Amino acid sequence: MAELKTDHLVLNMGPQHPSTHGVLRLEVVLDGEVVIDVIPHIGYLHRCFEKHCEAMTYPMVIPYTDRMDYLASMYMNFGYVEAVEKLMNIEIPERVKYIRVIMGELQRIASHLVAIGTFGIDIGAFTPFLYCFRDRERILDLFEMTCGARLLYNYMWIGGLSHDLPPMFIPELKSFLKDFRKNIKELNDLLSYNKIFIERTANIGILPADTAINYGCTGPVLRGSGVNWDLRKNDPYSIYDRFDFEVCVGKGEIGTVGDCWNRYMVRVREMEQSCLIIEQAIEQLPEGDVTSAIPKRVKPPVGEIYFRVESPKGELGYHIISDGTVNPFRVKVRAPSFVNLQILPVISKGYLVADIIANLGSLDIVLGEIDR
Amino acid sequence: MAVKKRKKDLHFFERIYLVEIIKGLLLTLKHLFKPKFTLQYPEEKIEQAPSYRGRPVLVMDNGKERCVACGLCSRVCPALAIQVQASETEDEKERYPVLFEINMLRCIFCGFCEEVCPEEAIVMSKDYELVFTRYDDAIFGKDKLLVPVEKLKDRLEFVRTQMRK
């Protein structure tokens, strides 16, 4: 009998696969069940954001930044408006700075809750997702109360905010933070230290620190590998240097530093730190007018700026070039998810097909931001 | 290519996972007796705050629109959803829109039109249930956009007091 030949199998995962977190197509090369290579194909959500900006005035770009990382719209606004303000040398009121930080950190919690919940679903745990979304819902209620929208806020404007906080905001926020601390503990019992969950995530997709740095990973992906790098501490923007919080890194108490579980756990711990920042910001929140510094005409001088913030997904950078007119000459966005996605082939090689799902979930990508 | 080995450090009771499943089920059981946090949507609805940004509408004062067809809203709209055509009238305001159309497929509910309007003639309502079966239905003319001022009192109040006017 002639010898039977074996060959590699090419499998298409997506673009309509529920665990690819959007329209992402993964071309997976398999040897049996072992992954030889993963090639991500992106671009299904491309909306020409950067080219579109050139045809619009500076304030009109803000609603479009909402739609990049639609799970962290507040932070996308934050980065853009701070960049334009720096370009124009606008000094914004203290109250605006504090409200921006409160909103940004609330958004970080909301974004991490989605990341954690959907990661659970990918692995096969459905229940934690519902509890995560219950808490996220309360944050969205707070946002709706403030700026009138649940997902795409358009709240931060160049030089200020569209309007002030409603009177009920601070009490509601305080009661949310009180409940949320308990809910994190519940989440830890239910998911983080669950033996089934640990079995699926610990020692899977190990990303060594030097590889993470070489590939330019940022955010929880980098910190999960044990690198202490957070722009809020290392390159403080806005008023983050006034708050006392610690940068969470993967410690490897379960599994190895840099595996899926540690990346996941960094997010859980970051939510607690965000609560701390919000509590400090509420205490220091000054009175004042939030719309006083909004310029009548946004026309920055000729020049360019690169401004980076630590979005929930990692380093979000805006490179804006101004030619002195009301329209930006060029807006380039360094999207954290885009950079973090390229690590997927590296960490998936040699593991099983089912582990791709765990790896992708732990990277926490948003396709709206990757394709822009 | 060799499979990367996982570390197996669970003893027998942990490996049957029964303990973990029961722990999860106990939590679910606990939540069964707690107050519900869901709403039965079409029957129950959320009461929106005045800051809520629903579909943009034109304010109708004394049976006529407040709009003077200055065209600022269509100029500031990032999605190019608004089309205005002006004409003259015998009234005090001298100008009015012959045609005022908002393409609800393009509208992104950003609220810039409301913010820029000098006459408080266009505001965001609390209406969010927008369903169309044809593209033509999605282009709202004056017939669908005009809403009496009495229904928009709290939003107008909000715009006047909270926003930069």
Side-chain angles (χ1 to χ4, degrees), chain A residues 31-36 52 56-57 59-64 66-67 125 127-128 130-131 134 137-138 141 144-150 152-154 157 160 162-164 166 168 186 189-191 193-199 202-204 206 255-256 289-292 294 349-352 355, chain B residues 1-11 13-21 23-28 30-31 34 36-39 46-54 75-80 107-112 114-116 124-126 128 155 158-165:
Chain A
D31 178 7
E33 218 185 321
V34 183
V35 177
I36 303 288
H52 214 104
M56 289 185 293
T57 58
M60 277 154 76
V61 176
I62 301 171
Y64 282 88
D66 277 340
R67 284 154 178 80
T127 321
L130 299 173
Y131 294 125
R134 171 196 58 186
E137 197 65 20
R138 289 190 65 182
D141 283 343
E144 186 185 343
M145 193 162 115
T146 315
C147 57
R150 301 181 74 80
L152 307 161
Y153 310 108
N154 187 18
W157 286 358
S162 74
H163 47 266
D164 207 347
M168 277 307 286
E186 193 180 272
D189 291 344
L190 192 62
L191 190 65
Y193 296 106
N194 184 308
K195 287 284 178 315
I196 309 170
F197 182 72
I198 290 170
E199 190 87 330
N203 295 318
I204 301 295
I206 299 166
T256 324
D289 188 5
V290 294
T291 54
S292 58
I294 298 177
K349 273 173 205 168
Y351 292 99
L352 303 180
D355 296 334
Chain B
M1 202 170 193
V3 191
K4 292 194 179 165
K5 280 270 180 263
R6 291 144 190 263
K7 217 164 93 193
K8 293 266 179 204
D9 54 356
L10 303 180
H11 54 73
F13 275 110
E14 284 175 343
R15 220 162 8 177
I16 56 174
Y17 300 133
L18 217 60
V19 187
E20 298 300 323
I21 290 168
K23 257 161 73 179
L25 286 174
L26 273 176
L27 187 93
T28 313
K30 214 171 76 191
H31 274 280
K34 283 192 177 170
K36 272 184 228 147
F37 51 85
T38 48
L39 278 179
I46 301 172
E47 181 75 25
Q48 274 103 11
S51 59
Y52 189 79
R53 296 202 308 260
R75 207 179 144 74
V76 81
C77 182
L80 313 176
C107 179
I108 57 171
F109 302 89
C110 62
F112 277 159
E114 175 193 52
E115 193 263 336
V116 82
M124 311 302 274
S125 66
K126 290 181 183 174
Y128 57 91
R155 181 67 191 184
F158 175 81
V159 171
R160 208 169 295 143
T161 54
Q162 296 289 313
M163 294 175 88
R164 181 189 57 146
K165 277 280 182 186

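Labels below follow one simple rule: chain letters A, B, ... track the order of the sequence lines, proteins then strands, and each chain is numbered from 1. All values below come from the heavy atoms of this structure, side chains included, with hydrogens, waters and symmetry mates left out. These numbers come from a predicted model, not from an experiment.
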### Message
Angle between ring planes, A:H163 versus B:F158, binned at 30° and 60°: parallel, tilted or perpendicular?
### Response
perpendicular
### Message
With rounding to the nearest 0.5 angstrom, report the OH to CG distance, A:Y131 to A:L191.
### Response
12.5 Å
### Task
Under 4.5 Å heavy-atom distance to chain B, tell me which part of A:E137 shows up: side chain, backbone, both or neither.
neither
#### Entry: Whether over 12 other heavy atoms sit under 6.0 Å from B:K34 NZ
yes
### Task
Would you confirm whether B:S51, through its side chain, and A:M145, through its main-chain N or O, come within 3.5 Å as a donor-acceptor pair?
yes
#### Entry: Which portion of A:L190 sits near chain B, non-hydrogen atoms under 4.5 angstrom
side chain
### Message
Report which part of B:T38 has an atom under 4.5 Å of a heavy atom belonging to chain A: side chain, backbone, both, or neither.
### Response
neither
### Query
Of the backbone (N, CA, C, O) and the side chain (C-beta and beyond), which part of A:I206 lies under 4.5 Å from a heavy atom of chain B, both, or neither?
neither
### Interface moiety of B:R75 toward chain A, non-hydrogen atoms closer than 4.5 Å
backbone
### Which portion of A:R138 sits near chain B, non-hydrogen atoms under 4.5 angstrom
neither
### Query
Which value, rounded to the nearest 0.5 Å, describes the distance between A:T291 atom OG1 and A:W157 atom CH2?
9.5 Å
### Query
Using non-hydrogen atoms only, which part of A:T146 is less than 4.5 Å away from chain B: side chain, backbone, both, or neither?
backbone
### Summary
Greatest number of non-hydrogen atom pairs under 4.5 angstrom with chain B, of A:H52, A:E33, A:R134, A:E144, falls to A:R134
### Summary
Given B:A49, B:P50, B:P78, B:G24, the one with more heavy-atom pairs under 4.5 angstrom with chain A than any other is B:P78
### Query
Is the shortest side-chain N to carboxylate O distance from B:E114 to B:R53 below 4.0 Å?
no
### Task
Let me know if A:Y153 has heavy atoms under 4.5 Å from chain B in its side chain, its backbone, both or neither.
backbone
### Donor-acceptor pair, side chain of A:D164 and main chain of A:D289, under 3.5 angstrom
no
